[in-house]
Every structure is written in structure tokens, then in C-alpha cells.
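Data first, discussion second: the structure below is written as C-alpha cells.
Basis for what follows: all heavy atoms, side chains included, without hydrogens, waters or symmetry-related copies. Letters A, B, ... are given to chains in the order of the sequence lines, protein chains preceding strands, and every chain is numbered from 1. Keep in mind it's a predicted model, so treat the numbers as computed, not measured.
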Amino acid sequence: MCGRFSFSPLTKIIEDRFDVKVDPSQYKQRYNCAPSQNLAVISNNRSEELSFYRWGLIPLWAKDKSIGNKMINAKAETITEKASFKNSFKRKRCLVLSDGFFEWKKINPKEKIPYRIKMRDDSLFAMAGIWDTWKNEESDYINSFAIITTVPNDLMENIHLRMPVILERKDEQNWLHDNNPDILKTLLKPYAAELMTAYPISTLVNSPTNDSPEILNPVEYLF
DNA sequence: CCAGACGTTGTT
DNA sequence: GTCTGG
DNA sequence: CCAGACGTTGTT
DNA sequence: GTCTGG
């Protein structure tokens with residue numbers, strides 16, 4: 001699964017790496033991105049700029065936006081079959097930008113330890129996302145997204161049963177602009193484990209109200 | 001046809 | 001909106 | 001994902 | 001226990 005991540009590069013780094021324009025009044029470095037927050041994405045319908053969408057997909061037909069609290073992930077294996085996701089998969093895809101994500105490893109029925117997972121070379125990456133637009137009773141529009149998950153690779157297997165789909169850099173533009181569903185599905189696979197690394201961090205990350213760089217620091221746990 | 005659900009993860 | 005279940 | 005709330009009536 | 005909010 002993927003229920004929390006970070007994205008904290010400086011504006012110029014983002015513009016160079018992803019070839020987008022970043023509005024500095026909207027962007028802010030984030031160390032603990034949580035569901036329901038507006039987070040940095042690149043959408044297929046505005047791929048020249050960095051957009052901010054709400055995490056937790058609210059489908060077009062939703063009566064209440066709270067449904068989005070449950071729709072934070074979409075399983076790659078079934079995304080083309082689910083009524084809530086298939087339409088977005090066809091026409092509304094996005095890149096969810098990140099420099100690392102968090103998973104809680106269950107060490108016994110009562111205890112869990114948070115881990116940070118990132119690229120070995122600290123590079124930025126894009127997770128595969130789908131989005132939708134929803135209108136509330138006051139006719140305010142909300143753009144929201146879900147992160148696609150897949151089976152774990154050899155690194156993630158030790159931590160969790162699922163992991164987010166991380167796109168190879170060469171596939172990022174294809175995910176946004178290729179509309180062939182068969183090709184799109186081939187992009188939804190586990191990322192190469194040898195390019196990634198993971199380490200335990202403190203439970204500071206547990207509360208979404210903590211959003212400071214210290215969250216990323218390694219911590220030793222004694223058993 | 002209409003009514004009702006529409007999700008993932010983890011645990012039992 | 002679109003699919004499943006009755 | 002985790003944390004924190006979870007309710008109504010009537011009165012101020 | 002289960003839902004909502006972040």
C-alpha cells in the first residue's frame with residue numbers, strides 16, 4: 001500500500017527534472033504528505049505545469065467528498081474492471097511526484113515500525129496515479145487522485161504486501177499521453193528493487209500534523 | 001428492468 | 001457515470 | 001497510512 | 001468497533 005510519502009525538492013530542481021512550470025506561491029516542501037491534502041501532481045490534461053490535487057479519489061458521481069478518504073489507492077491488477085476507476089484509467093492519469101514513501105512494517109500483532117523507502121541515489125521519482133473532477137453543491141470543483149499499487153519487489157517484500165507503482169523515467173510521458181490501455185497496463189509493475197533502499201524512521205511520521213525534515217532521519221530500533 | 005454499490009489493506 | 005445483483 | 005472522534009437537547 | 005479528518 002502507499003498511505004504516506006514525502007516530496008521536498010526545491011522548485012528549480014522540480015522544473016528541471018520533470019519539465020514543468022512550478023508556481024512558487026503554491027508549492028512548498030513536504031515531508032509527510034497524507035491523504036485528503038492537496039499534493040503535487042502532473043496531470044495529463046495540464047502536463048506543462050505542476051498541479052495540486054487532493055489525495056483520495058472522489059469519483060464524478062459521489063454525493064459526498066468523504067468517499068475519497070477510502071480511495072487513496074487503486075489496485076493495478078483490477079483497475080480496468082472497477083466502476084470507480086476504469087474511467088479515470090482511460091482518460092485521467094497523472095504522475096504523483098515523490099522522493100520517498102513510508103510503509104509501516106508489522107513486527108507483531110500489536111507493534112509496527114515505520115520505514116522510509118527511497119531511491120539509492122536519492123533521485124526523484126513519479127508514482128502512477130489516476131484522477132477525477134468532482135463538483136459539490138456549491139459548484140466548487142475538486143480535483144482528486146489515487147495512487148496505483150502493485151505486488152512488492154524483493155526489497156518491499158520484507159516490509160509490506162503491496163507497494164506503489166513507480167514509473168521508469170522513460171515511461172513517465174507514456175503514462176500521461178499514451179491512450180492504449182494494453183500498453184498502459186504494462187507500465188504497472190514493481191520497480192527494480194536493486195535501485196531502491198529502505199530504513200526505519202521514528203514514529204514522528206505517524207501523525208500527519210508533523211511535517212518536518214527530521215521525519216526522514218534514520219532511527220535504530222532495539223528488539 | 002430497477003436498486004444499490006462503487007475501495008484497499010490486513011486480519012479472521 | 002457504470003457495473004453488479006436481484 | 002495514522003490519529004482522533006464517535007451525540008442530542010436545550011441553554012448561553 | 002468504525003468512521004472521519006489530515
Nucleotide nearest [X] (side chain, heavy atoms from C-beta), chosen from [options]:
| X | options | result |
| --- | --- | --- |
| A/Lys70 | D/dC1, B/dG7, B/dG10 | B/dG7 |
| A/Ser84 | B/dC6, E/dG6, B/dT9 | B/dC6 |
| A/Ser66 | E/dG5, D/dC1, B/dT8 | E/dG5 |

Please give, in whole Å, the distance from [N] [atom2] to [X] [atom1]?
| X | N | atom1 | atom2 | result |
| --- | --- | --- | --- | --- |
| A/Arg162 | D/dC1 | CZ | P | 12 Å |
| A/Phe89 | B/dC6 | CZ | P | 21 Å |
| A/Ile72 | B/dG7 | CD1 | P | 15 Å |
| A/Lys82 | C/dG1 | NZ | P | 22 Å |
| A/Phe145 | B/dG7 | CZ | C1' | 16 Å |
| A/Met127 | D/dC1 | CE | P | 15 Å |
| A/Ile58 | B/dT8 | CD1 | P | 17 Å |
| A/Asn206 | E/dG5 | CG | P | 21 Å |

* Between A/Trp55 and A/Phe5, does the ring centroid distance fall short of 6.0 Å? ->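 A/Trp55 vs A/Phe5: aromatic centres under 6.0 Å.
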* Asked: Using the P atom in both, what is the distance from E/dT4 to D/dT8, to the nearest Å?
  -> 14 Å
* Pairwise distance OG(A/Ser43) to CG(A/Leu176) - rounded to 0.5 angstrom ->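 Interatomic distance, A/Ser43 OG to A/Leu176 CG, rounded to 0.5 Å: 7.5 Å.
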Compare side-chain N and O positions of [X] against OP1 and OP2 of [N] and report whether any pair is under 4.0 Å apart.
| X | N | result |
| --- | --- | --- |
| A/Thr78 | B/dT8 | yes |
| A/Lys106 | B/dT9 | no |
| A/Lys86 | C/dC3 | yes |

Under 3.5 Å side-chain donor-acceptor pair for [X] and [Y]:
| X | Y | value |
| --- | --- | --- |
| A/Ser8 | A/Ser6 | no |
| A/Asn217 | A/Arg116 | no |
| A/Arg54 | A/Asn143 | no |

Over all strands shown, is [X] touching base, sugar-phosphate only, or nothing at heavy-atom distances under 4.0 angstrom?
| X | result |
| --- | --- |
| A/Phe102 | nothing |
| A/Lys75 | sugar-phosphate |
| A/Asn69 | base |
| A/Trp104 | sugar-phosphate |
| A/Lys63 | nothing |
| A/Thr149 | sugar-phosphate |

* Return the nucleotide paired to D/dC2: Watson-Crick means purine N1 to pyrimidine N3 with N6-O4 or O6-N4, wobble means G-U with N1-O2 and O6-N3, both under 3.5 Å. => E/dG5
* Asked: Given that both distances must come in under 3.5 Å, which nucleotide forms a Watson-Crick or G-U wobble pair with D/dG7?
  -> none
* Asked: Of A/Phe145, A/Tyr53, A/Phe52, which is the lone residue that meets ring-ring contact (aromatic ring centres under 6.0 Å, His included) with A/Trp131?
  -> A/Tyr53
